[in-house]
Protein chains: 2
Amino acid sequence: MLLDARKARKKVTLADVARMAGVSSMTASRTINYPEKVSEQLRDKVQQAIDTLGYIPNQFASSLASARSHVIGVAIPSLSNTVFNEVLRGIYDVTGRAGYKVVLVDTHYCPAEEERLVRTLLSQSPEAMIITGADQTDACRTMLRRSCVPVVQMMEMVEAPIDMNIGFSHYQAGYDVAAGLLARGCERIGFLGARMDPRVHQRLHGYRRALSERQLNNKTLEVTTEDPSSVGMGGQLMRQLWTQAAGQLDAVFCCNDDLALGALFECQRLGIDIPGQMLLCGFNDMDAMAHVNPSLSSVHTPRYEMGVKAAEMVLGALSDEGETGPKRLDIGYTVKWRDSARAPRPLTA
Amino acid sequence: MLLDARKARKKVTLADVARMAGVSSMTASRTINYPEKVSEQLRDKVQQAIDTLGYIPNQFASSLASARSHVIGVAIPSLSNTVFNEVLRGIYDVTGRAGYKVVLVDTHYCPAEEERLVRTLLSQSPEAMIITGADQTDACRTMLRRSCVPVVQMMEMVEAPIDMNIGFSHYQAGYDVAAGLLARGCERIGFLGARMDPRVHQRLHGYRRALSERQLNNKTLEVTTEDPSSVGMGGQLMRQLWTQAAGQLDAVFCCNDDLALGALFECQRLGIDIPGQMLLCGFNDMDAMAHVNPSLSSVHTPRYEMGVKAAEMVLGALSDEGETGPKRLDIGYTVKWRDSARAPRPLTA
DNA sequence: TGCTACCATGTTTGCGGTAACAAATCACAA
DNA sequence: TTGTGATTTGTTACCGCAAACATGGTAGCA
């Protein structure tokens, strides 16, 4: 009976509106989509009918008939990671203003899951897609190419993008951090990593490269886990690293800020002085980093801006197929050296 | 031209698949939706055609024809608030497993915006809706009622829910924190608040109530702002409160954990000993709270579980209209008293 | 052998809109 | 007055798929 009520009541269609207003359904449709093409008199009548009936257009019918979905598909690897939330905010702000809806999926850092979800997204005829990173399955890439919609891969620079690309070099950022720590006189530099997604791996490789240039590589100073990142995990990994390194540690580069915070707090408990005894650097530069004591060094990444730009790129491609704007955009990053990495000894460089 | 290519190529329809497989389009449709109703022989042929053509079903046509959208609409006030991300994760986990898609909107804590977005959502014929809190506009409530889809209001307990409700009492939680601080011998208890959404107001009212029962209310100890919450903001507000209170402060209740962290860091810089000189308590119990030094007291809220339950409630209502499960569910909370609120003096209670 | 029952498949129809075209109305200059 | 073009409104067809019903074939049984 509830179901019947539902069925019975849900049926306020454009035809109902038109009938009530005494016009053709086409005029009713125009009142909604092209009000300037309808005389004021009829417009009012139709609007009144819409209001009294509580008419809500059926998006499916509209999209089917007009072949326009006003949907932009977005795939991110994690909903609970602050980094992506800020990117998302940028995307929502820009696309929302332009009258587009976002359909968002969470791939859980899993390419197979991503493939499944992209298929789902494509079945909603998105007019564009924004996806994360470069580790799509071949099938996924093929689908996206065949779909012929503008695609932006974001968060990192991609060698051979499916279509467009915005991001920055995590490899270079990792290199820069390690190089900065070396320049501050550190030689035994540890690395803490969690979740270990492709971008974390790139940061790790950059770090390794910088160290190997000075023959300072040391695998026992790398502590990583596939488990998700958290402040608690940062403490755990820090404790493990401290043990493995037998206290012989000049600095630690954490693959993200949660780990860095956790590492800092753990050091405080272990009685390790930061930066007196050891330097610390995180990644992403979340809000808290600048305010904790000592303030924590980190790599500032323009996340909101990246979302904005990614959205602008697809909208640009949509607007008039105008090849305005570059296909690949390196948005850069800034290493913020703060109190946690004030040189404890004179800079050698 | 690109557009033409797009148009031309996008047209892999079910009919194309059927033609290639030498069957009727209905058989092709069944192969996808009810494979057990098609002979293995034809099923293989159709599947092969699907694969070679790269066919992706058109969701709009499907939903229009079948009157089923498999969509659940979700409205949250902020994408960048970790609290909602965890709730969302619960929702996505449950609905995803059940074969539903989530369409998510961000109301920016604005009822008018929410109304607009709910209208948009309803135009996608969602089979259920999950929304946040109780401060909808009347028009919004009417729309939701008329839509006749199951609706869950989550995050707080609502007096007269539109349909279903899951949450906990922010008023009671605020009361409990203040009462706990009173019980620890504090008399001058400050309140820091940011963004001041309805739930924060409820916490504030609970706090006021506990204080007024002891005639300890003092408006100069309440520092709030409409600006968004952040660790930095927590520091700012703490500084302001410290000034206003002229150092006469036994404890501070922060309306959320970001503020609490910022307040703690600021206290460290101001040389205020926590908990020796002043107690501190936050709200939500994010990951970092248990690991910072001193560990921070907070109100633990089961966010992921709330998302899970909210999703289960709508799915339950959907499954068979079975009136299984309650319409209103108080999921509760737990005040976690940690080092930041160890009584500096003997408990009076 | 004829009958029903059931399964696998095909045909028809319509979901609720909009594009494209057709028709009617109006304005205004020749 | 009439013609011309612009403006407003209506008519028709169809978007791509699935529900409902129709059909033909096969098996089981008396």
Side-chain angles (χ1 to χ4, degrees), chain A residues 3 6-47 49-50 53-71 122-125 127 147, chain B residues 3 6-46 49-50 53-71 120 122-125 127 147:
Chain A
L3 243 176
R6 241 167 243 196
K7 286 245 174 86
R9 219 169 318 167
K10 192 180 265 186
K11 290 212 185 190
V12 180
T13 76
L14 194 61
D16 298 328
V17 171
R19 200 170 311 119
M20 181 171 204
V23 300
S24 75
S25 60
M26 204 51 227
T27 299
S29 171
R30 276 193 278 255
T31 305
I32 294 171
N33 299 306
Y34 309 96
E36 76 281 2
K37 292 195 168 182
V38 177
S39 69
E40 201 179 325
Q41 185 194 6
L42 288 191
R43 217 189 303 155
D44 289 348
K45 268 195 201 164
V46 172
Q47 190 56 54
I50 288 175
L53 291 174
Y55 170 70
I56 293 180
N58 182 321
Q59 197 56 55
F60 297 132
S62 169
S63 293
L64 183 59
S66 68
R68 290 220 46 192
S69 66
H70 292 280
V71 160
L122 287 178
S123 77
Q124 301 178 59
S125 315
E127 300 186 18
S147 74
Chain B
L3 242 178
R6 242 168 240 195
K7 286 244 175 85
R9 219 172 316 169
K10 192 181 268 190
K11 290 212 186 193
V12 180
T13 75
L14 194 60
D16 298 328
V17 171
R19 200 170 311 119
M20 182 172 203
V23 300
S24 76
S25 60
M26 205 49 229
T27 298
S29 171
R30 275 192 277 256
T31 305
I32 294 170
N33 299 306
Y34 308 95
E36 75 281 1
K37 294 194 167 183
V38 177
S39 68
E40 198 179 326
Q41 185 193 6
L42 288 193
R43 217 188 305 156
D44 290 348
K45 266 194 199 163
V46 172
I50 287 176
L53 291 175
Y55 170 70
I56 294 181
N58 181 322
Q59 196 56 55
F60 298 130
S62 170
S63 292
L64 183 59
S66 68
R68 290 221 47 191
S69 66
H70 292 280
V71 160
T120 303
L122 287 178
S123 78
Q124 301 179 58
S125 313
E127 301 186 17
S147 75

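Every heavy atom of this structure was used, including side-chain atoms; hydrogens, water molecules and symmetry mates were not. Naming: A, B, ... by sequence-line order, numbering from 1 per chain.
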> OP1 or OP2 of C:dA19 less than 4.0 angstrom from a side-chain nitrogen or oxygen of A:Ser66, does that happen here?
Replying inline: no

> Do the side-chain N and O atoms of B:Thr120 and B:Ser123 include a donor-acceptor pair separated by under 3.5 angstrom?
Replying inline: no

> What's the NE2-P distance between B:His70 and D:dC17, to the nearest Å?
Replying inline: 15 Å

>> Can you confirm whether B:Asp44 sits close enough to B:Glu40 that some side-chain heavy atom of one is under 4.5 Å from a side-chain heavy atom of the other?
In response: yes

> Between A:Arg43 and A:Val38, is there a donor-acceptor pair closer than 3.5 Å when you use the side chain of the first and the backbone of the second?
Replying inline: yes

> Under 4.0 Å between a side-chain N or O of A:Ser62 and OP1 or OP2 of C:dT18?
Replying inline: yes

> Which whole-number value in Å describes the distance from B:Lys45 NZ to C:dA8 C1'?
Replying inline: 14 Å

> Taking CZ from A:Arg68 and C1' from C:dT18, how many angstroms apart are they, rounded to a whole number?
Replying inline: 13 Å

>> From CD1 of A:Ile32 over to P of C:dG17, roughly how many Å is that when rounded to an integer?
In response: 8 Å

> Heavy atoms under 4.0 Å, any strand shown: does A:Leu64 hit a base, just sugar-phosphate, or nothing?
Replying inline: base

Between the protein and nucleotides 8-12 of chain D, are there any N/O to N/O pairs under 3.5 Å, and if so, what are the atom names and distances?
| from | atom 1 | to | atom 2 | distance (Å) |
| --- | --- | --- | --- | --- |
| D:dT9 | OP1 | A:Ser39 | OG | 2.8 |
| D:dT9 | OP2 | A:Ser39 | N | 2.8 |
| D:dT9 | OP2 | A:Ser39 | OG | 3.4 |
| D:dG10 | OP2 | A:Ser24 | N | 3.1 |
| D:dG10 | OP2 | A:Ser24 | OG | 3.1 |
| D:dG10 | OP2 | A:Thr27 | OG1 | 2.6 |
| D:dG10 | N7 | A:Arg30 | NH2 | 2.8 |
| D:dG10 | O6 | A:Arg30 | NH1 | 3.4 |

> Are side-chain heavy atoms of A:Val17 and A:Thr31 found at a separation under 4.5 Å?
Replying inline: no

> In degrees rounded to 10°, what angle is found between the helical axes fit to the five outermost pairs at each end of the helix from C:dT1-D:dA30 to C:dA30-D:dT1?
Replying inline: 50°

> Rounding to a whole Å, what distance do you find between A:Asn33:CG and C:dG17:C1'?
Replying inline: 9 Å

> Given side chains that start at C-beta, do those of A:Val23 and A:Lys45 come closer than 4.5 Å, heavy atoms only?
Replying inline: no

>> Is the phosphate of C:dC15 approached by A:Asn58 (side-chain N or O, under 4.0 Å from OP1 or OP2)?
In response: no

> Can you check the B:Gln59 CD to D:dG16 C1' distance for me, whole Å?
Replying inline: 12 Å

> Can any side-chain N or O of A:Ser25 pair as donor or acceptor with the backbone N or O of A:Leu14 at less than 3.5 Å?
Replying inline: no

> Are B:Tyr55 and D:dC17 close enough that a side-chain N or O sits under 4.0 Å from OP1 or OP2?
Replying inline: yes

> Nearest-Å distance, CD1 (B:Ile50) to P (D:dC17)?
Replying inline: 10 Å

> Going by heavy atoms in the side chains, are B:Val12 and B:Ile56 under 4.5 Å from each other?
Replying inline: no

>> Please check: side-chain N/O of B:Glu127 versus main-chain N/O of B:Ser69, any donor-acceptor pairing under 3.5 Å?
In response: yes

> For D:dT7, does OP1 or OP2 lie under 4.0 Å from any side-chain N or O of A:Tyr34?
Replying inline: no

>> Between A:Ser62 and A:Asn58 (side chain of the first, backbone of the second, donor and acceptor by atom type, cut-off under 3.5 Å), is there such a pair?
In response: no

